[in-house]
Number of protein chains: 2
Amino acid sequence: MQREINGRPVIETARGPVLTPCAPGSVLARLGDKWTILVVSMLALSPDTPMRFGAIRRGIPDISQRMLTLTLRSLERDGLVARHYYPEVPPRVEYELTARGRSMLDPLAAFTGWIRDTWQDIEASRKEFDDVERSGTSAN
Amino acid sequence: MQREINGRPVIETARGPVLTPCAPGSVLARLGDKWTILVVSMLALSPDTPMRFGAIRRGIPDISQRMLTLTLRSLERDGLVARHYYPEVPPRVEYELTARGRSMLDPLAAFTGWIRDTWQDIEASRKEFDDVERSGTSAN
DNA sequence: ATCGTCGGTTACATCATCATAACCATTGAA
DNA sequence: TTCAATGGTTATGATGATGTAACCGACGAT
């Protein structure tokens, strides 16, 4: 039976364990970009009813139309978001989380919950680290 | 009482909910980069004993010395990894997860577990999406 | 005398991400 | 007739992330 960690098979060798660099990283990379979590969060606000493009846009201040389009397209590509186009005038486009997208919410919340709880400590560590770096550069 | 989702406060307005774009995204962005999860996974293999730079490096094929250094430095900056330097010759440097880093493992595993379970479906969706895009461009 | 080990740093090129802004088609309203 | 609303696309730059390669210093082994 093979050991596994974070979805990655571990190979035991004489010189130590070796991780198989495997695909799940590309999912984390997608969700780790600048806007994806915000967009998913907006859609998670109304898991049962679709949401119009403009409503999502208004819910995320500072996101540009282009980046929202790209982000939604990526999520759609991964099958996490469904797009419904109604060729009215003016056109109406609605988005909603798919079943797969909704299945992500709980595990995601487990992780973002940890981030929320730990965030202030991480911020403090960053500040301290940067301060030491700055003073250390001249003091060394 | 304020609604919250994925660690982000939600403001209710007449035109719909608005998400406060808040800092936790920067943690996800850090973990979502190309190497961080792999490095954390390596260190999680031996949560109790530190690991040498070279051992981590050998455990992650294809990571360059530079990127491993940068990734470990980032994790150290966030207080997730501790660095121990022994000025011997040749020098010895050991890394280990801090308590904070270890506290991340369970929530992270919840999420990467979902990725592992869903990965094949996501891959399939991507392929299908890209195929439709390619044929659709000419067929439209 | 030269090489290899270890854990880096530095310089440079390349590539992806993101921001900004202009443009598009359609229709109804001012 | 000009304008706004909707949901985009396209062009252009800037910034950031990553890859590649060379170099470092101390020492032990060859």
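In what follows, chains carry the letters A, B, and so on, assigned in the order in which the sequence lines appear, proteins first and then strands, with residues in each chain numbered from 1.
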> Taking only residues two or more places apart in sequence or in another chain, which ones pass salt bridge (Lys or Arg N to Asp or Glu O under 4.0 Å) with A/Arg77?
Replying inline: B/Asp130

>> Could you work out, with side chain to side chain donor-acceptor pair (under 3.5 Å) as the rule, every residue matching B/Thr71, not counting sequence neighbours?
In response: none

> Quick one: side chain to side chain donor-acceptor pair (under 3.5 Å) partners of A/Thr98, sequence neighbours excluded?
Replying inline: none

> Reckon B/Tyr86 touches a base, only the sugar-phosphate, or nothing at all at heavy-atom distances under 4.0 Å?
Replying inline: nothing

> 5' to 3' on DNA chain D, which nucleotides open and close the contacts with chain B (atom under 4.0 Å from a heavy atom)?
Replying inline: D/dT18 to D/dC27

> Taking CZ from B/Arg52 and P from C/dC6, how many angstroms apart are they, rounded to a whole number?
Replying inline: 7 Å

>> Using C1' atoms of five pairs at each end, report the bend of the helix from C/dA1-D/dT30 to C/dA30-D/dT1 rounded to 10 degrees.
In response: 30°

> Can you check whether A/Ile63's main-chain N or O pairs, donor with acceptor, with A/Arg57's side chain at less than 3.5 Å?
Replying inline: yes

> Who pairs with A/Ser46 by side chain to side chain donor-acceptor pair (under 3.5 Å), at least two apart in sequence or on another chain?
Replying inline: none

>> Rounded to whole Å, how long is the line connecting atom CE of B/Met51 with atom C1' of C/dG7?
In response: 16 Å

>> Applying side chain to side chain donor-acceptor pair (under 3.5 Å), can you list everything that pairs with A/Glu128, at least two apart in sequence or on another chain?
In response: none

> So which pairs with a foot in residues 28-47 of chain A pass salt bridge (charged side-chain N to carboxylate O under 4.0 Å, His left out), sequence neighbours left out?
Replying inline: A/Arg30-A/Asp78

>> I need a per-nucleotide contact map over nucleotides 16-30 of chain C, read 5' to 3'. Cutoff is protein heavy atoms under 4.0 Å; write B for the base, S for backbone only, - otherwise.
In response: --BBB------S---

>> For A/Arg100, give me all partners under salt bridge (Lys or Arg N to Asp or Glu O under 4.0 Å), at least two apart in sequence or on another chain.
In response: none

>> Just to verify, what does A/Arg92 make a side-chain contact (heavy atoms from CB on, under 4.5 Å) with, not counting sequence neighbours?
In response: A/Arg52, A/Tyr86, A/Glu88, A/Glu94

>> Which residues pass the side-chain contact (heavy atoms from CB on, under 4.5 Å) test with B/Arg83, not counting sequence neighbours?
In response: B/Arg73, B/Glu76, B/Tyr85, B/Val93, B/Tyr95

